[in-house]
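Before any comments, here is the structure.
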Amino acid sequence: MKNYRFLALLIGFLSLTAMSAQRLMTPPHVMVVPDLIYCKSHGFVQQIDNNGITEIVPDYERALTEDPSLHAVLTQVAQLITDRDGGAGIVIVDLLEAINQAKADAAMAAANSGDESESIDEAIIRNSDADILVKVQFDLLKHGPQYQVSYTINGTDAYTSQMFAPVEGMGAPSTSANPVVLLREAVYDRMDAFLAKMLSYYNGMVKNGRMVAFEIKTTSTSTVNMNSVIGEYTLREQIEDFLYDNSVDGNGLERVRSGNTFMQYQGVYIPLIQTIRGRQRKQGAKDVAQRLVNFLSGFGIQAEYKIRGLGKVNIYIH
């Protein structure tokens with residue numbers, strides 16, 4: 001019986017050691033942002049034309065510039081995550097840095113006649129290279145001499161916009177009108193549960209891969225189409241086999257629309273960790289996109305890729 005107990009303890013210890021090593025090697029990158037609902041209610045939005053459809057997206061830069069309490073609230077939530085992450089090593093990505101990098105990219109693209117297919121918020125998210133967005137919505141309510149803060153905090157997959165681990169509630173009444181103090185007091189006791197769900201979601205991503213949408217098109221100048229034979233197989237089959245080899249067990253490949261000149265995958269689950277140039281690295285959509293372009297060049301086919309946000313890849317075959 002003692003031997004069994006010792007073996008069970010040893011297995012448990014080794015499992016915890018392996019989990020800790022995994023956390024240290026692949027910590028989640030998290031960016032805290034104002035929720036679209038907050039941006040809409042305060043007028044911090046922009047309208048964009050997405051292929052003839054008007055979309056409303058958050059204007060993060062204007063929100064941070066014109067709302068003095070917002071940046072302090074976002075910083076407080078980020079600090080709570082860092083303080084309560086339980087040794088997971090969560091990396092906080094600064095929203096302002098992502099905004100500045102997106103602006104620099106936009107200026108460079110404009111100077112080089114780049115396209116404008118990527119929306120403003122997609123560009124910011126892409127430059128953040130975050131795995132998870134923590135979206136914050138809060139309102140300061142006044143009842144006579146007292147104040148309360150209502151809040152909603154959502155974990156969101158930066159690649160797919162899928163929400164998880166929502167936390168919402170109302171803080172206790174206080175004579176303080178400082179939303180930073182009120183929000184901290186309101187969410188402090190619920191942060192451990194929120195982080196547990198967030199890390200569980202991230203660990204599922206490590207195990208099952210992260211979902212990336214792929215759209216592959218032949219251009220008007222292309223000499224091949226999806227049914228052209230290259231090597232032993234058609235171009236369509238070569239691309240499908242490549243994506244299978246660069247996915248987790250081919251998950252997501254069944255969700256595809258295709259024609260003579262295009263293939264659209266709703267979401268292929270790519271490994272979060274991959275051997276790249278002989279080393280184990282955390283990979284993103286751009287890494288798989290570049291390998292696909294390199295793969296096609298081996299058949300004498302020229303292609304280029306563009307990333308929208310983090311989870312959408314467009315491949316153009318020339």
Side-chain angles (χ1 to χ4, degrees), residues 27-46 56-103 120-121 124-125 127-128 130-156 158 163-199 201:
H29 285 59
V30 174
M31 185 165 69
V32 184
V33 302
D35 193 278
L36 178 59
I37 295 173
Y38 183 89
C39 292
K40 280 183 176 180
S41 65
H42 290 78
F44 303 136
V45 292
Q46 295 185 23
I56 296 176
V57 299
D59 188 337
Y60 294 136
E61 183 176 23
R62 186 179 164 207
L64 293 178
T65 302
E66 298 183 13
D67 188 339
S69 64
L70 177 61
H71 187 257
V73 166
L74 300 182
T75 300
Q76 182 61 249
V77 173
Q79 188 61 52
L80 282 171
I81 292 172
T82 301
D83 292 344
R84 307 290 290 277
D85 77 351
I90 295 173
V91 177
I92 299 296
V93 181
D94 186 73
L95 175 57
L96 278 174
E97 288 185 11
I99 290 172
N100 290 334
Q101 187 58 54
K103 288 167 64 179
I120 300 160
D121 62 324
I124 292 170
I125 292 169
N127 279 281
S128 74
D131 301 299
I132 292 169
L133 304 178
V134 174
K135 297 187 176 183
V136 180
Q137 149 72 7
F138 67 97
D139 286 303
L140 186 63
L141 309 175
K142 189 175 187 301
H143 305 286
Q146 293 189 317
Y147 296 86
Q148 280 182 288
V149 65
S150 66
Y151 66 89
T152 302
I153 299 176
N154 275 307
T156 306
M163 291 188 180
F164 59 90
V167 175
E168 60 183 358
M170 182 83 71
S174 172
T175 55
S176 171
N178 187 331
V180 180
V181 173
L182 294 176
L183 187 65
R184 176 182 172 81
E185 293 175 351
V187 305
Y188 187 85
D189 290 337
R190 306 186 68 180
M191 189 54 67
D192 287 341
F194 173 77
L195 290 178
K197 291 179 181 178
M198 185 171 75
L199 289 172
Y201 183 90

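For the numbers below, each heavy atom of this structure counts, side chains included, while hydrogens, waters and symmetry mates do not. Positions are given from 1 along the sequence.
- Between Met31 and Val93 the shortest heavy-atom distance is CG-O, 3.5 Å.
- Panel note: side chain Lys197, backbone Leu199; no donor-acceptor pair is recorded below 3.5 Å.
- Looking at heavy atoms from C-beta onward, Val136 lies out of side-chain contact with Tyr38 at the 4.5 angstrom threshold.
- For Ala186 against Gly171, the heavy-atom pair with the smallest separation is CB-CA, 3.7 Å.
- Between Ile124 and Leu95 the shortest side-chain heavy-atom distance falls below 4.5 Å.
- Within the 4.5 Å cutoff, side-chain heavy atoms of Val134 are placed close to those of Met198.
- Using a 4.5 Å heavy-atom threshold, the side chains of Leu70 and His42 count as separate.
- Put simply, the side chain of Asn127 does not reach to within 4.5 Å of the side chain of Asn100, judged on heavy atoms.
- For the pair Leu74/Val33, no side-chain contact is recorded, criterion being any heavy-atom separation below 4.5 Å from C-beta on.
- Leu140 and Ala177 get closest at one heavy-atom pair: CD2-O, 3.4 Å.
- The closest side-chain heavy-atom distance from Phe138 to Leu182 is not below 4.5 Å.
- At most 12 heavy atoms of other shown residues, nucleotides or ligands fall within 6.0 angstrom of atom CD in Glu168.
- Judged purely by atom type and a 3.5 angstrom limit, Asp35 uses its side chain to pair as donor or acceptor with the backbone of Ile37.
- The distance from atom CG of Asp139 to atom OG of Ser41, rounded to the nearest 0.5 Å, is 6.0 Å.
- Interatomic distance, Glu97 CD to Ser128 OG, rounded to the nearest 0.5 Å: 11.0 Å.
- Atoms OG1 and NE2, on Thr65 and His71 in that order, are 10.0 Å from each other to the nearest 0.5 Å.
- Side-chain N or O atoms of Asp85 include one that pairs as donor or acceptor with a backbone N or O of Ile90 at under 3.5 Å.
- Atom CG of Leu133 sits about 5.0 Å away from atom CD1 of Ile125, to the nearest 0.5 Å.
- Taking the side chain as every heavy atom from C-beta outward, Ile99 and Leu64 approach each other to under 4.5 Å.
- Closest heavy-atom contact between Val167 and Tyr151: CG1-CE1, 3.8 Å.
- Checked by atom type and distance alone, the side chain of Arg62 never pairs as donor or acceptor with a backbone atom of Gln46 at under 3.5 Å.
- Proximity of a side-chain donor or acceptor of Arg84 to a complementary backbone N or O of Tyr188 within less than 3.5 Å is detected.
- Across all their heavy atoms, Pro173 and Gln146 have their closest contact at CB-OE1, 3.5 Å.
- In this structure, the separation between CD on Gln76 and CD1 on Ile81 is 10.5 Å, given to the nearest 0.5 Å.
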